[in-house]
Amino acid sequence: MARHSRKGSRASSSYTGSRATSPPPPYSPPYAGEPHRQQPPPPELTSAPGAGPAGISAAAHLRNSPAARGVDFEITVFEAGSAIGGQLTQFGSPDSPEGAGGPVFPYNDSALDPLRAEDVAGPALLWGNPLFTRSSEDILGGDELEFFDLPSQKVGYYSGDRHEVFVQTTRPYHQTPTWDWLGLILRYGASVWRAGGLLDESAGLRERMASAAATDTASSAFADVPAILASLLGESALPHEGAPETLRRLGVSEAYAAEVLAPQVERGGPSVRISWMSGLALAMLAGREDAGDAHAGGDYTARIREIAKSLGADVRVRSKVVGIERGRPGSGEGENRPVARWLLQHEGAAEAEAFDKVIVAAPGLEGLVVRAAGANGSVEAEEAVEFDAAHVTFFTASELPGRLGGGDWAPPQILFVGDDAEGGMHEVAYVREVVRHHRDGAAGGAPAVLEHLYRCVSGADVSEALLSEPGVTWVHHHRLDHAYPLTYPRTSYPPFAVGDGLWTTAPIYSIGSSLDLSWLTGRVVAQQVIEAVKK
Ligand SMILES: Cc1cc2nc3c(=O)[nH]c(=O)nc-3n(C[C@H](O)[C@H](O)[C@H](O)COP(=O)(O)OP(=O)(O)OC[C@H]3O[C@@H](n4cnc5c(N)ncnc54)[C@H](O)[C@@H]3O)c2cc1C
């Protein structure tokens with residue numbers, strides 16, 4: 001049994017922002033000077049391992065929801081990485097001028113803009129999310145954002161066999177010019193507009209999700225994944241049918257699925273394949289890829305950091321949870337507590353910390369949750385969601401090498417098709433211009449050089465291969481272990497509540513992984529915590 005304390009080692013970085021809105025006091029004495037003052041109830045010590053969208057959303061709901069009025073949540077968020085914001089913000093570098101885990105700069109030149117979440121996901125993808133569009137400013141804090149329309153973008157489908165971009169579309173899809181439409185129709189016939197049915201289903205779903213995430217009262221109706229699906233999709237077959245079945249139902253040809261849809265949605269390692277995913281996952285992934293007519297505004301990392309700061313929570317970065325264990329009743333500060341607490345062990349700390357309620361919001365912690373819940377068998381190991389890793393590599397070059405789809409005219413996003421994908425490469429996208437200054441003297445006062453920054457998403461580490469390409473001058477590789485959940489069709493889903501006082505946001509990954517899904521789930525789970533405390 002691990003030793004425990006209320007507050008463990010603070011070797012990790014920690015900051016506590018000032019509360020934007022203090023919750024009302026949990027107890028008000030009837031009048032001043034009352035002889036036998038009743039003690040206010042102790043705060044609910046609540047922890048959320050994982051400072052991604054799900055964890056921050058859960059903490060925000062505990063703090064700000066009117067439903068939580070009267071409960072004093074003392075919230076601690078543990079984040080294994082060096083930044084708040086989840087997997088899109090964990091691109092810290094040991095070579096950073098700001099030290100290990102600090103921001104990454106192209107050429108390691110701190111005069112250049114560091115890599116941002118928008119560079120990792122692409123601004124159209126990230127901000128195409130309905131949570132971040134004009135209608136939903138409230139969700140990210142309620143203040144006004146400057147939004148601007150993102151331009152449409154060409155997407156090329158590249159065959160390594162033929163060394164050519166053999167077909168192209170435009171994101172958003174409906175802005176594909178007539179000439180490209182004709183090419184698509186000649187090649188794929190009616191499948192071109194039949195596949196639009198997928199995007200329609202996805203668009204409706206995402207809008208409903210955004211409004212659900214903005215509504216406080218709705219969350220209590222979303223008890224688990226099936227309830228969320230019923231509320232957002234009605235009687236749709238999508239979650240339970242395989243994606244190949246969905247494509248057959250819509251009349252989309254195998255050629256279109258293999259050459260246009262698969263390159264869009266099959267990212268990560270070898271297991272994220274259309275043949276293994278649910279129709280719903282396919283619709284959501286295709287819809288996300290299409291999100292190009294979105295508005296962008298602000299900076300994702302700065303926004304989510306601001307929210308975290310406003311919560312008055314104890315948010316500790318570089319604080320990795322490595323153990324979750326049920327304590328004995330009465331554990332924690334020597335109190336005579338009738339209910340057992342959860343003990344969280346974090347890396348490098350001599351003692352575990354005790355919490356009344358724990359919301360696990362980190363995909364990588366599934367194994368610990370299953371083990372912790374094992375005592376009452378509420379989650380079986382086989383119910384845990386499995387993930388494929390993704391490798392994201394940034395590189396700079398004067399121009400995109402020909403072997404990666406570069407040439408006289410290269411679209412800004414290139415998707416590799418089928419087995420032609422170079423060493424597991426799925427996508428190469430143009431990010432932005434960078435100017436190399438040669439300030440280190442190595443170039444003997446050579447003039448500044450204009451180069452380009454690209455992002456490559458692959459199922460394997462391709463940094464060596466990229467470095468050996470002529471013209472590539474800098475490479476930064478990052479492996480995301482839990483990037484792509486395997487979203488095979490399910491008939492049953494594990495619950496969010498996995499033990500008395502222990503919740504996990506992971507079941508949502510059974511239907512996909514996106515910022516809006518995680519944000520919604522954080523709220524749903526936090527609502528369950530509030531209801532459990534008030535019971
Ligand atoms: C390349 C790429 C592009 C993407 N593009 C988009 C996009 O355009 N739009 C979109 O909606 N979604 C996109 N996503 C998906 C999106 O990033 C995820 O759906 C979202 O981040 C999930 O949020 P989360 O809070 O559930 O989990 P995460 O973001 O994974 O957050 C979990 C946090 O927990 C931390 N953690 C892990 N283990 C521990 C531990 N043991 N102790 C403490 N902390 C721990 C992690 O460091 C992480 O910060 C993209 C993902 C990738 C990989």
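When a ligand or atom number is given, it counts from 1 through the structure's own listing order. All values below were derived from every heavy atom in this structure, side-chain atoms included, with hydrogens, water molecules and symmetry-related copies excluded.
- Other residues, nucleotides and ligands contribute over 12 non-hydrogen atoms within 6.0 Å of the NZ atom of Lys154.
- Remark: ligand 1 and Pro53 share an N or O pair separated by less than 3.5 Å (distance only, no angle test).
- Residue Leu480 has at least one heavy-atom neighbour below 4.0 Å for each of these atoms of ligand 1: 53 (C).
- His478 and Phe91 have their aromatic ring centers within a separation under 6.0 angstrom.
- Compare Gly122, Ser82, Ala362 by their heavy atoms: the one nearest to atom 37 (C) of ligand 1 is in Ala362.
- Side chains of Ser319 and Glu347 form no contact here, defined as non-hydrogen atoms less than 4.5 Å apart.
- Using 4.0 Å as the threshold, Pro363 has a heavy atom nearer than that to some atom of ligand 1.
- The residue from Gln413, Gln264, Gln168 that alone fulfils the side-chain hydrogen bond (donor to acceptor under 3.5 Å, both in side chains) condition with Tyr157 is Gln264.
- By the 4.5 Å heavy-atom criterion applied to side chains, Leu480 and Leu88 are not counted as neighbours.
- Contact atoms of ligand 1 toward Ser518: 22 (C), 23 (O), 24 (P), 26 (O) (distance under 4.0 Å to a heavy atom of the residue).
- How far OG of Ser458 is from CD of Glu427: 10.5 Å, rounded to the nearest 0.5 Å.
- Remark: of the listed residues Tyr488, Phe387, Tyr493, Phe387 is the sole one forming a ring-ring contact (aromatic ring centres under 6.0 Å, His included) with Tyr509.
- The shortest N or O to N or O distance between Ala54 and ligand 1 is under 3.5 Å.
- Remark: ligand 1 and Glu79 share an N or O pair separated by less than 3.5 Å (distance only, no angle test).
- In the candidate list Ala48, Ala117, Ala361, Pro49, Ala361 is nearest to atom 32 (C) of ligand 1, counting heavy atoms.
- When the heavy atoms of Val321, Val360, Leu368 are ranked by distance to atom 40 (C) of ligand 1, first place goes to Val321.
- For the pair Leu88 and ligand 1, the shortest N or O to N or O distance does not fall below 3.5 Å.
- For atom 6 (C) of ligand 1, the choice among Met284, Arg318, His346, Arg288 with the nearest heavy atom turns out to be Arg288.
- Of all atoms in ligand 1, listed by their number and element, those nearer than 4.0 Å to a heavy atom of Leu365 are 40 (C), 41 (N).
- Between the side chains of His61 and Gln527, at least one donor N or O lies within less than 3.5 Å of an accepting N or O.
- Of the N or O atoms in Gly55, none lie within a sub-3.5 Å distance of an N or O in ligand 1.
- Residues Asp119 and Arg432 are in side-chain contact: their nearest non-hydrogen atoms beyond the backbone lie under 4.5 Å apart.
- With a 4.0 Å cut-off on non-hydrogen atoms, Leu515 touches ligand 1 through its backbone as well as its side chain.
- Nearest residue to atom 1 (C) of ligand 1 from Phe387, Tyr509, Trp519, Tyr484 is Tyr484 (criterion: closest heavy atom).
- Some N or O of Ser514 is nearer than 3.5 Å to an N or O of ligand 1, by distance alone.
- Side-chain contact of His346 with Glu353: a donor-acceptor pair under 3.5 Å is present, judged by distance alone.
- Comparing Lys320, His482, Gln87, His426 against atom 17 (O) of ligand 1, the shortest heavy-atom distance belongs to Gln87.
- Counting atoms of ligand 1 from 1 in the listed order, those under 4.0 Å from a heavy atom of Ser319 are 43 (C).
- Two residues are said to be in side-chain contact when any heavy atoms from C-beta on lie closer than 4.5 Å; Val358 and Pro49 meet this criterion.
- Considering only heavy atoms from C-beta on, Tyr484 stays 4.5 Å or farther from Leu285 through its side chain.
- Residues His391 and His477 bring a donor and an acceptor atom of their side chains to less than 3.5 Å of each other.
- Any N or O atom pair closer than 3.5 Å counts here, and Ala483 shares no such pair with ligand 1.
- Close contacts of ligand 1 with Gly52, meaning ligand atoms under 4.0 Å from a residue heavy atom, involve 25 (O), 31 (O), 33 (C).
- Taking distance alone, with nitrogen or oxygen atoms compared against 3.5 Å, Thr505 stays at or beyond that limit from ligand 1.
- Of the polar atoms of Ser513, at least one N or O is found under 3.5 Å from an N or O of ligand 1, judged by distance alone.
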